[in-house]
Amino acid sequence: MYADICKMLGVKYPIIQGAMAWISDSSLVSAVSEAGGIGVLATGHLDGEGCRAEIKKIREKTNKPFAVNIMLLSAFADEIAKVVVEEKVAMVTTGAGSPGKYMKAWKEAGIIVIPVAPSVAIAKRMEKDGADAVIAEGCESGGHVGKITTMALVPQVVDALNIPVIAAGGIADGRGMAAATMLGASGFQIGTRFLVAKECTVHQNYKDRILKAKDIDTTTTGNSTGHPVRVIRNRLAREFEALEKQNASPEELDKLGKGALRRAVIDGDMDYGSVMSGQIAGLVNKEQTAQEILEDLYSDYLRVLESYKRA
Ligand code: TUI
């Protein structure tokens, strides 16, 4: 079944590198795509021209297909939606909202559109709006999350839709990929494991924090704002939780959260930065090149599937 997704995307592996704002830049994206996966440029921290410049850099490093992610809460979403058309990007993923209003222009430009959906109802709407596939993202993921786990979400989305479903959230090795296959997924989106790729330019402190993370080290903040975000628990997360318990206003919470992702990614501030990570970080314990990660993931996946056939 995964062959369909590889064919649709023109890639070797049915593996999409999850977009990570401030983190998945041209360096990581070109490395993942060059190695046979789908690199995804995050644009949550960029404006239209910043996005165009990164696309140019990716193209200088690889001629393989890559995707651009549009974080729909971004003030620059409209600009970036235009840039992907002008730059003839092959594929777009979206997050944190519904891309319905851009769909016509993107489909006319021949762009493959794969939105993230955190629930069956949203996934159905995206299929109706013309999505080519959806990424069913469980709340094990890092960053902005929905309410349902990957285990519960993926099979329900698979049953409700006629387009391919890509599983995301809690996948970092061949076992997770095999499990998602059993749930009916046609491909996999993986973020946290690519955070520690050698080509990933995130601050070394961030990588080290992921490498030493345990299963219970993440929490979600922002539950009262309607935009819960999964992060590694640190001083910032605790202060956020305390403020939320006191029913702080959205403005107060915004003030605390402002610039926090940049502080973690660029400055390496592990106390007052927002260290977004999936729950699977405990399984991620070595730095490898993007090519090694993809080869490792895929051979592990085939080995797991094979071992069940023999059993
Ligand atoms: O978008 C993500 N994960 C992200 S975005 C991000 S940047 C950020 N920084 C600070 C605060 C908030 C975000 C960090 N991580 N994942 C994809 C995702 N999309 N998760 C959930 C959704 C989603 C939610 C609602 C998709 C569609 C949707 O539709 C709502 C509607 O009514 O259409």
Side-chain angles (χ1 to χ4, degrees), residues 16-25 40-46 51 67-77 80 92-103 113-131 133-150 153-154 157 161 165-171 189-192 194-195 202 206 218-232 236-237 240 244 250 253-266 273-279 281:
I16 299 177
Q17 160 253 309
M20 297 171 278
W22 288 98
I23 298 175
S24 56
D25 60 6
V40 185
L41 176 69
T43 63
H45 60 302
L46 299 174
C51 172
V68 171
N69 174 266
I70 305 185
M71 210 281 272
L72 295 164
L73 290 172
S74 162
F76 301 107
I80 295 169
V92 163
T93 66
T94 63
S98 183
K101 71 169 173 169
Y102 306 118
M103 211 56 120
V113 184
I114 311 190
V116 168
S119 72
V120 168
I122 292 173
K124 278 171 93 163
R125 176 152 36 89
M126 286 163 173
E127 178 179 52
K128 197 162 143 265
D129 286 347
V134 299
I135 299 165
E137 189 184 275
C139 58
E140 297 94 322
S141 305
H144 179 53
V145 285
K147 292 197 170 78
I148 309 168
T149 60
T150 303
L153 179 65
V154 171
V157 173
L161 268 55
V165 176
I166 291 154
I171 305 174
Q189 178 174 277
I190 293 176
T192 306
F194 284 109
L195 249 165
V202 73
Y206 202 132
T218 72
T219 185
T220 56
T221 58
N223 297 297
S224 65
T225 66
H227 298 298
V229 174
R230 182 171 301 286
V231 292
I232 300 266
L236 175 70
F240 218 97
E244 286 194 275
L253 294 169
D254 262 4
K255 208 168 127 200
L256 186 63
K258 204 168 175 344
L261 183 55
R262 185 185 197 285
R263 272 202 299 282
V265 175
I266 309 290
S274 177
V275 187
M276 295 186 187
S277 164
Q279 287 184 320

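Nothing fancy with the numbering, it's 1 onward along the sequence. We count ligands from 1, going down the list as the structure has it; atoms in each ligand are counted the same way.
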- prompt: Under 4.0 Å from any heavy atom of Glu137, which atoms of ligand 1 are there?
  reply: 16 (N), 17 (C), 18 (C), 20 (N)
query: So which heavy atom in the protein is nearest atom 30 (C) of ligand 1, and how far is it from that ligand atom?
result: Ile122 CD1, 3.7 Å
task: Please report which non-hydrogen protein atom sits nearest to atom 24 (C) of ligand 1, along with the residue it belongs to and the distance in Å to one decimal place.
output: Pro118 CG, 3.7 Å
- prompt: ligand 1 versus Arg125, non-hydrogen atoms closer than 4.0 Å: side chain, backbone, both, neither?
  reply: side chain
field: Minimum non-hydrogen distance to atom 1 (O) of ligand 1, winning option of Ala96, Pro115, Ala19
entry: Ala96
query: Taking all non-hydrogen atoms of both residues, which atom of Asp129 and which atom of Ser98 are closest, and how far apart?
result: OD2-OG, 4.1 Å
message: Regarding atom 20 (N) of ligand 1: of the candidates Met276, Lys258, Gln189, His144, which has the closest heavy atom?
response: His144
field: Protein residue, atom and distance nearest to atom 5 (S) of ligand 1, heavy-atom basis
entry: Met71 CG, 3.6 Å
query: Could you walk me through whether Trp22 and Arg263 pass the side-chain contact (heavy atoms from CB on, under 4.5 Å) check?
result: CA-CA 10 Å; Trp22 288 98; Arg263 272 202 299 282; over 6 Å; no
task: Within a distance under 4.0 Å of any heavy atom of Gly143, pick out the atoms of ligand 1 and give their elements.
output: 14 (C), 15 (N)
- request: Please confirm whether the backbone N or O of Leu46 pairs with a side-chain atom of Thr43, one donor and one acceptor, at under 3.5 Å?
  value: no
field: Minimum-distance pair of heavy atoms, taken over all atoms of Ala264 and Ser274
entry: CB-O, 3.4 Å
message: Using only atom types and a distance under 3.5 Å, with no angle test, would you say the side chain of Glu244 pairs donor to acceptor with the backbone of Gly222?
response: yes
query: Hey, is Gly97 one of the residues with a heavy atom under 4.0 angstrom from ligand 1?
result: yes
- request: For the pair Thr150 (side chain) and Gly169 (backbone), establish whether a donor and an acceptor sit closer than 3.5 Å, ignoring hydrogens and angles.
  value: yes
message: Please confirm whether Leu261 approaches ligand 1 to less than 4.0 Å, judged on its heavy atoms.
response: no
query: How close does the nearest protein non-hydrogen atom get to atom 11 (C) of ligand 1, and which residue and atom is it?
result: Val229 CG2, 3.9 Å
query: If you look at every heavy atom in Val165 and Ala136, which pair is closest and at what distance?
result: CG1-CB, 3.8 Å
query: Sub-3.5 Å donor-acceptor pair from the side chain of Ser24 to the main-chain atoms of Val40, do we have one?
result: yes
message: Only heavy atoms of Gly95, strictly under 4.0 Å: list the atoms of ligand 1 that pass.
response: 1 (O), 17 (C), 19 (N)
- prompt: For Ile166, which of Val116, Ile114, Val154 qualifies under side chain to side chain contact (heavy atoms under 4.5 Å, CB included)?
  reply: Ile114
field: ligand 1 versus Ser98: contacting region, heavy-atom distance under 4.0 Å
entry: both
task: Answer side chain, backbone, both or neither: which part of Val116 comes under 4.0 Å from ligand 1, heavy atoms only.
output: both
